[in-house]
Structures are given as structure tokens and as C-alpha cells.
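In the text below, chain A, chain B and the rest are named by the order of the sequence lines, each starting its count at 1. Keep in mind it's a predicted model, so treat the numbers as computed, not measured.
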There are 4 protein chains.
Amino acid sequence: MPKATRRAIPRKKPQQERSQAMVATLLEAATRVFVKEGYAKATTNRIATAAGVSVGSLYQYFPSKDAIAVELLRRYRDGLVELVGARLSTATPATFTVVVRDLIGELLRAEGINPALHRVLIEQVLRTSARKEMLGFEERLEAVLADGMRAAKIELRDPDLSAFLLVRVVLSVVQSAVVDRPKYKTPELADELTRLVVAYVTPP
Amino acid sequence: MPKATRRAIPRKKPQQERSQAMVATLLEAATRVFVKEGYAKATTNRIATAAGVSVGSLYQYFPSKDAIAVELLRRYRDGLVELVGARLSTATPATFTVVVRDLIGELLRAEGINPALHRVLIEQVLRTSARKEMLGFEERLEAVLADGMRAAKIELRDPDLSAFLLVRVVLSVVQSAVVDRPKYKTPELADELTRLVVAYVTPP
Amino acid sequence: MPKATRRAIPRKKPQQERSQAMVATLLEAATRVFVKEGYAKATTNRIATAAGVSVGSLYQYFPSKDAIAVELLRRYRDGLVELVGARLSTATPATFTVVVRDLIGELLRAEGINPALHRVLIEQVLRTSARKEMLGFEERLEAVLADGMRAAKIELRDPDLSAFLLVRVVLSVVQSAVVDRPKYKTPELADELTRLVVAYVTPP
Amino acid sequence: MPKATRRAIPRKKPQQERSQAMVATLLEAATRVFVKEGYAKATTNRIATAAGVSVGSLYQYFPSKDAIAVELLRRYRDGLVELVGARLSTATPATFTVVVRDLIGELLRAEGINPALHRVLIEQVLRTSARKEMLGFEERLEAVLADGMRAAKIELRDPDLSAFLLVRVVLSVVQSAVVDRPKYKTPELADELTRLVVAYVTPP
DNA sequence: AATGAATGAGTTTTCATTCAT
DNA sequence: GATGAATGAAAACTCATTCAT
């Protein structure tokens with residue numbers, strides 16, 4: 001693991017069909033290897049092999065192992081913000097509970113996002129060049145959430161603090177549920193988590 | 001990551017004063033380095049240097065890099081279970097809220113308990129050695145929590161599921177607060193988190 | 001051959017006996033490998049092996065292959081300037097010719113310097129971070145030479161230009177003689193080169 | 001330096017117009033890159049890019065990186081022998097000095113003749129392929145020079161040794177002047193170098 | 001028991017060369 | 001012919017671990 005700092009941003013914007021496919025293949029393989037081996041034990045050669053390509057090709061698209069992590073995280077982050085934004089934007093006072101429940105259900109089913117991957121990577125990337133870029137992520141999520149709650153006429157004494165809390169609460173539970181404990185059935189867990197959220201935001 | 005790791009359990013139980021001090025020094029240094037660099041980028045030399053000793057000395061007390069992580073995790077786990085158990089065991093229906101608030105406050109101020117560090121380590125260590133040892137940890141915490149709630153006459157439809165939820169909820173918020181966002185003042189955050197917990201466990 | 005620029009200056013000032021020996025061993029091995037294989041074909045592993053040590057040790061003392069070349073060149077340069085300075089400082093009008101002859105003889109016998117090595121390295125290092133440091137070398141040689149000629153009461157219309165010329169002339173002939181053509185007997189070549197120099201600096 | 005080199009002689013004699021142009025373009029680009037980066041750091045991709053073509057095209061005309069160096073060296077060698085031979089063949093005892101001065105001037109201004117480049121390449125190429133081909137080069141130059149001096153009725157005690165000396169002397173000064181020190185004006189340098197040569201070959 | 005130089009297997013990374021398009 | 005993505009052998013470099021002092 002060389003010491004010298006290297007680029008952690010993608011080497012080039014893939015624009016051709018083939019490139020897109022290559023990047024996708026590599027990211028999928030990297031996801032598998034990162035989740036299976038952990039970041040430290042995942043080697044570029046292993047990732048390339050898992051993707052069925054040569055290391056050289058990997059380096060054609062990513063300048064370093066960290067760059068792969070950064071890209072993966074970027075996609076995760078964007079997917080999550082988009083999903084949460086889309087669902088909450090439809091919330092009204094009347095539908096808030098059901099919207100939250102559906103959103104949580106979707107998150108637990110890991111549709112479009114991969115909490116396991118996220119958990120492996122976040123610590124690495126947080127110490128990386130891409131730190132700053134990533135930093136805005138939770139804020140964006142909180143903003144999206146605060147918007148949704150406002151639209152649903154949820155009244156809170158400190159909406160920002162509550163958004164901060166809720167983002168963590170939901171993500172961590174989703175993460176734990178998906179990664180560590182497949183023992184809890186999704187619907188029950190979604191119900192219970194929804195209950196927790198609703199109890200918090202709707203004073204008795 | 002050169003050379004495969006061998007033993008991941010401490011080479012010996014240090015009993016002498018000096019040994020104890022050495023181990024403590026090394027663990028503190030390791031904590032700093034792991035948090036600052038991430039597990040993958042933390043080298044044994046860097047840890048030794050941070051502790052002000054030679055690598056050789058490090059290996060006198062820990063048979064491998066992973067063993068350091070394991071020991072750190074072990075202490076974290078034991079400390080946390082003990083703290084939570086001690087506090088909750090005093091809870092009565094009348095004091096539950098205040099006990100929870102105090103516990104959360106303590107966690108937020110805790111020194112030996114560094115969720116950020118342990119999040120990093122768990123990813124690495126859970127995949128290798130010590131997996132088994134660590135595995136029961138969350139269950140123990142949940143059990144301790146469930147006991148506490150039962151003592152406080154908290155009624156829940158699925159106490160286990162609720163314990164699972166609450167453990168995650170509290171730890172993740174504590175972690176985020178400590179690591180990412182020192183912007184929220186501890187007391188306010190503790191209050192709000194307590195409110196969330198209480199709202200969930202005490203139906204209106 | 002990695003692209004990223006790395007340090008080309010020695011990683012640390014060797015001060016211990018052992019370190020000194022290690023550095024010396026490595027530089028000698030590097031000299032052999034560079035001369036035998038050429039710069040491009042000389043690998044750090046080959047150099048380490050030739051030195052009878054591990055690659056790791058090589059990198060303990062030199063941060064990169066280029067750094068070895070730079071150090072080698074630095075030593076060559078210093079040795080040469082010192083030798084030329086020492087010899088010429090003794091020159092008087094009466095002894096100039098014999099001093100020059102002796103100096104040339106010494107250079108041809110490669111005592112303390114290694115023109116073959118120099119030839120391999122100069123082109124590489126000239127394109128390196130150490131460029132600037134190395135740049136003063138010829139100037140220093142020229143200055144030393146100009147001093148010597150002045151002491152010997154040599155009269156020239158443009159002493160700087162002549163020093164420039166003479167430095168190149170002598171070094172290139174020495175280099176070619178040592179490296180390419182061991183066919184010319186040293187004494188005859190020294191005589192002839194001396195004749196060339198003397199004919200140039202002492203107008204008829 | 002990945003992958004061993006194979007052929008080092010041109011894949012084919014380019015006879016079409018287009019091919020000729022392509023070869024010329026590539027050699028010019030290679031010259032620039034070799035001079036700027038050094039042989040070891042010059043990659044085939046960089047050369048191709050500098051030539052404004054793809055790597056594939058490069059390999060259409062040269063079977064290997066070394067083959068480019070060889071071809072460059074071949075052209076250098078042939079051009080130099082031809083130039084020196086042509087100029088010196090016209091020398092008579094009366095015109096020798098002026099012919100030498102003109103030749104030196106031409107070398108200093110020469111474009112296709114780039115001693116700096118060839119110094120880089122010779123180190124690499126002389127150790128690998130083409131060694132044999134290149135070996136006769138200096139001898140040919142020396143022979144051409146000896147012929148010229150004979151025609152000019154220059155009397156020397158060891159004409160071969162003198163030719164050896166003079167070839168090195170002139171080429172090294174030309175090289176240094178072109179590469180390292182653009183500070184010396186061409187005419188003055190040519191004059192002074194001529195003076196050196198003439199002083200040597202024409203005893204007082 | 002402490003030290004830190006030495007080791008070398010294991011990584012990351014490069015780049016000459018090929019070949020499908 | 002031209003292209004440039006893909007290849008993978010080989011290079012550079014790192015770092016967990018050992019062991020002589």
C-alpha cells in the first residue's frame with residue numbers, strides 16, 4: 001500500500017458505451033470484494049479478477065484503490081439522497097406516516113443502495129481526499145428530510161437537530177438490519193422503526 | 001498489506017505495573033492512529049512511534065496488528081455493557097426517563113467509549129480473527145437493555161426488537177455526534193435523544 | 001516504473017556505522033548494476049540482490065531508484081572537483097604541463113571516479129529533481145580549472161570559454177577512453193591529451 | 001519496465017509517401033520525448049501522443065521501443081559521417097582551418113544531429129539490440145577524419161589516436177554547447193574550438 | 001525487556017505490446 | 001491502415017514481523 005498520495009477521483013469521465021460497462025463491472029466487483037473482505041484486505045488485483053478483467057484495465061479507469069471507494073460512495077450517496085427526496089416530496093400531513101413506512105421498507109430492502117458497502121467504505125473515505133465532497137452528504141439528506149417534514153406540517157422545536165437525529169437513527173438501523181441481523185423480518189422492523197419515528201415527530 | 005497475520009489474541013496477560021502502563025500507552029496510541037488514518041493506513045510503526053516506543057516493544061505486548069484492534073474492541077464492548085448495565089439496573093418506572101438521559105449524557109461525554117474508532121475496527125476485525133468473541137456483544141447489550149426496561153415496567157409489543165432498535169439508535173447518534181458534528185451541544189442533543197427514546201417506549 | 005514523482009534525495013543521513021556500511025554497499029552494487037545493465041534495465045530488486053540485502057533495506061536508505069542515481073552522481077561530482085582542485089592548486093608556470101599530464105593520467109586510471117557510471121547516469125539525473133543541484137557541477141569544475149590556469153600564469157583571451165572547452169574536452173575523452181576503448185594504452189593517451197591541452201593553452 | 005522487448009529492427013522498409021511521413025513524424029516526436037524525459041521515462045504512449053497518432057500506429061512502423069532508438073541512432077550516425085566526410089574531403093593544406101571552422105559551425109547549428117539525444121540512447125541501445133550495428137560508428141567517423149587530415153597534409157605522430165581524440169573533443173563540446181549552455185554564442189565557440197583543434201594538429 | 005535495522009512476501013502500479021473494431 | 005482499450009508480466013514500493021544487539 002504505497003504511501004504517496006494519489007488521485008482519488010476517477011481518471012476520466014467514461015463516455016463511451018464500453019467504458020460505462022467497464023466502470024460498472026469494476027464497481028460491482030469492487031462492491032463484492034469490499035463487502036466480503038473488508039477494505040484493508042481487498043486488493044486491486046482481487047477486484048480486477050473479480051471483475052473478470054486485468055489490473056491494467058482497472059487502472060485505466062481508476063487511479064487508485066481509494067478512487068474506487070470514493071466513486072462507490074458517491075453513487076451510494078447520490079442514490080440515497082435522490083430516493084429519500086423523491087419519496088418525502090410526496091408527503092402530506094395525511095400521508096406522512098405511510099410515506100415514512102414505505103421509505104423505510106424500501107431502504108430495508110436495499111433497493112438501489114447498499115448499506116453493507118457503505119459501512120465498509122465510509123471510514124476509509126472519511127480520511128481521504130474526497131472527504132470534503134462527502135461531507136455535504138448528510139447535510140443534504142437532513143435538508144431533504146427537513147423539507148419533507150415541513151411539507152407534512154410536522155412541528156418540532158428544533159427541526160435541524162431533529163433531522164440530524166432522524167437521519168442517523170434510520171440509516172443506522174437500516175444498516176444494522178441489512179448487514180448484521182437478517183433475523184428480523186423486514187415488515188415488522190419497518191413497522192417498528194416507523195412507529196419510533198412517528199412517535200418522535202408527532203407529539204402525543 | 002504484507003505478510004499474513006498470525007495470532008490475534010494477546011501474547012500474555014500483562015500483570016506487572018509496567019506492562020499495564022505499556023499496554024495502556026499502546027492502546028491509546030493505536031486509538032489515535034486508527035482514528036486519524038483508518039485501519040488500513042495505520043502501520044505498526046506509526047502506532048509504536050505515536051506511543052513513543054519501538055515496534056519491537058509493541059510486539060512484546062501484542063502479537064499482531066489485529067490483536068491490538070481486538071483488544072480495543074474487547075475493552076470497548078466490556079466498558080459499554082458494564083456502563084449501560086450499571087445505569088439501567090437502577091431504573092424504576094419513576095426514574096426511567098432521567099436514567100436514560102443521564103446514560104445518554106454519559107455516553108456523549110465518554111472517553112473510553114469511542115464509537116467512531118470501533119466502527120472502523122469492527123469492519124476489519126469482524127472479518128478475521130475474534131469474530132466469534134465479538135459476536136455476542138450486541139446481543140449482550142440488547143439483553144442488558146431489555147432487562148432495564150423490564151425493571152422500569154416499560155411495556156412493548158416486541159421487547160427484543162425494540163432493544164435492537166434502541167441500541168442502534170443511541171449508539172449511532174452518539175457516534176455521529178462525537179465524530180462528525182461537534183456542532184450540537186451535548187446537553188441539547190442528550191435531551192432530544194432522550195425525548196426520542198422516551199416517546200418511543202412510553203406510548204401516549 | 002511508477003509515474004508519480006517521488007523523493008530523489010536520500011531518505012535519511014546515515015550516521016551510524018552500520019548505516020554507512022549499508023549505504024556504501026548499496027551504492028557499490030548500484031554502480032555495478034547500472035554500468036552492466038544500463039539505467040532503464042536496472043531494477044531496485046536487482047540492485048538489492050547485487051548488494052546482498054533485501055529490497056526493503058534499499059528503501060530504508062533510498063526513497064527511489066532515482067535517489068540512488070542522484071547520490072552516486074553527487075559523490076562522483078564531489079570526488080572529481082576535489083581531485084582536480086587538489087592537483088591544479090599545485091600548478092606553477094613551470095610545472096603546469098606535468099601537473100596536467102599527471103591529472104589526466106589519474107583520471108584515465110579512474111582513481112576515485114567512475115566515468116562509465118557517470119555516463120550512464122548523467123542523462124537520467126539531468127531530468128530529475130536533483131537537476132538544479134547538479135547543475136553547478138560543471139561550473140565548479142570550470143572555476144577550479146580557471147583558478148589553476150591563472151596560478152600557472154596561463155594567458156587566454158576568454159578564460160571562461162576556455163575553461164568550458166577544456167572541461168568538456170578532457171572529461172569526454174577520459175570517458176570514451178575508459179568506457180568504449182580500452183585499446184589505447186593509458187600513458188600514450190595521457191600524453192596525447194596533454195599535448196592537446198598544452199598546445200591550446202600555450203600559444204606558440 | 002514491463003514485458004521484454006522483441007524485435008529491434010524496423011518491421012518494414014516504409015516506401016510509400018505516407019509511411020515516410022509517418023516515420024518522420026514519429027522519430028521527431030520520439031526525439032522530443034527522449035530528450036525531455038530520458039529514455040527510461042519515455043513511454044510508447046507518450047511518443048505516440050506527441051506524434052499525434054495512436055500507439056497502434058507507432059507499432060505499425062516500429063516493432064518496439066528500442067527499434068525507435070536504433071533508427072534514431074542509425075540516422076544520426078549516417079548523417080554525421082556523411083556531413084563530416086563531405087566537408088573534410090574538400091580540405092587542402094591551405095583550407096584546413098577554414099573547413100574545420102565551417103564544419104564545427106555547422107555541427108553547432110545542426111538540427112538532425114542532436115548529440116544530447118544520442119548520448120541518452122547510446123547508453124540504452126548499446127547494451128541491447130543493435131549493439132553490433134552501432135559499434136563501427138565511431139571507427140567510421142575516425143576513419144573519415146583521418147582521411148581528411150591526410151588529404152590536408154596534417155602530420156601527426158599517431159593519426160589514429162589523434163582522430164579518436166578529435167572526434168570526442170569536437171562532439172562533446174558540440175553536445176555541451178547545444179544542451180547545457182546556450183550562453184556561449186555559436187560563432188565565438190566555433191572559433192575557439194577551431195583554435196583548439198588547429199593548435200593541436202598544426203605544431204608550432 | 002527494549003530497540004530498530006533487516007527482511008521479503010505481498011501490494012500497488014506501470015507500460016510495452018496486442019488485437020478487435 | 002488506424003485506433004485505443006485491454007492485457008498482464010514485471011517493476012516499484014510498503015509494512016507486518018523478526019531477531020541480533
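- Counting to the nearest Å, the P atom of E/dT11 and the CZ atom of A/Phe62 are 21 Å from each other.
- To the nearest angstrom, P of F/dT18 lies 7 Å from OH of B/Tyr59.
- Contact annotation for D/Ser57: base contact, defined as any heavy-atom pair under 4.0 Å involving a base atom.
- Distances shown here put a side-chain N or O of C/Thr44 below 4.0 Å from the OP1 or OP2 atom of F/dA12.
- Within the nucleic acid shown, B/Ala42 comes within 4.0 Å of sugar-phosphate atoms alone, with no base atom in reach, counting heavy atoms only.
- Between the CG atom of C/Asn45 and the P atom of F/dA9 there is a distance of 17 Å, rounded to whole Å.
- The distance from atom CG of A/Leu58 to atom P of F/dA6 is 11 Å, rounded to the nearest whole Å.
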Next on the checklist: Please convert DNA chain E into dot-bracket. A pair counts if it is Watson-Crick or G-U wobble with both distances under 3.5 Å; crossing pairs go in [ ] and bases paired with another strand get |.
Outcome noted: .||||||||||||||||||||

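- Summarising the geometry, the separation between OH on A/Tyr39 and C1' on E/dT12 is reported as 11 Å, rounded to the nearest angstrom.
- Of the candidates E/dT17, F/dT17, E/dA6, E/dA6 carries the atom nearest the C/Ser54 side chain, counting heavy atoms from C-beta on.
- A/Phe62 pairs with exactly one of A/Thr44, A/Val23, A/Ile47 by the side-chain contact (heavy atoms from CB on, under 4.5 Å) rule, that one being A/Val23.
- Among the nucleotides F/dT17, E/dT17, F/dA6, the one closest to the side chain of B/Lys65 is F/dT17.
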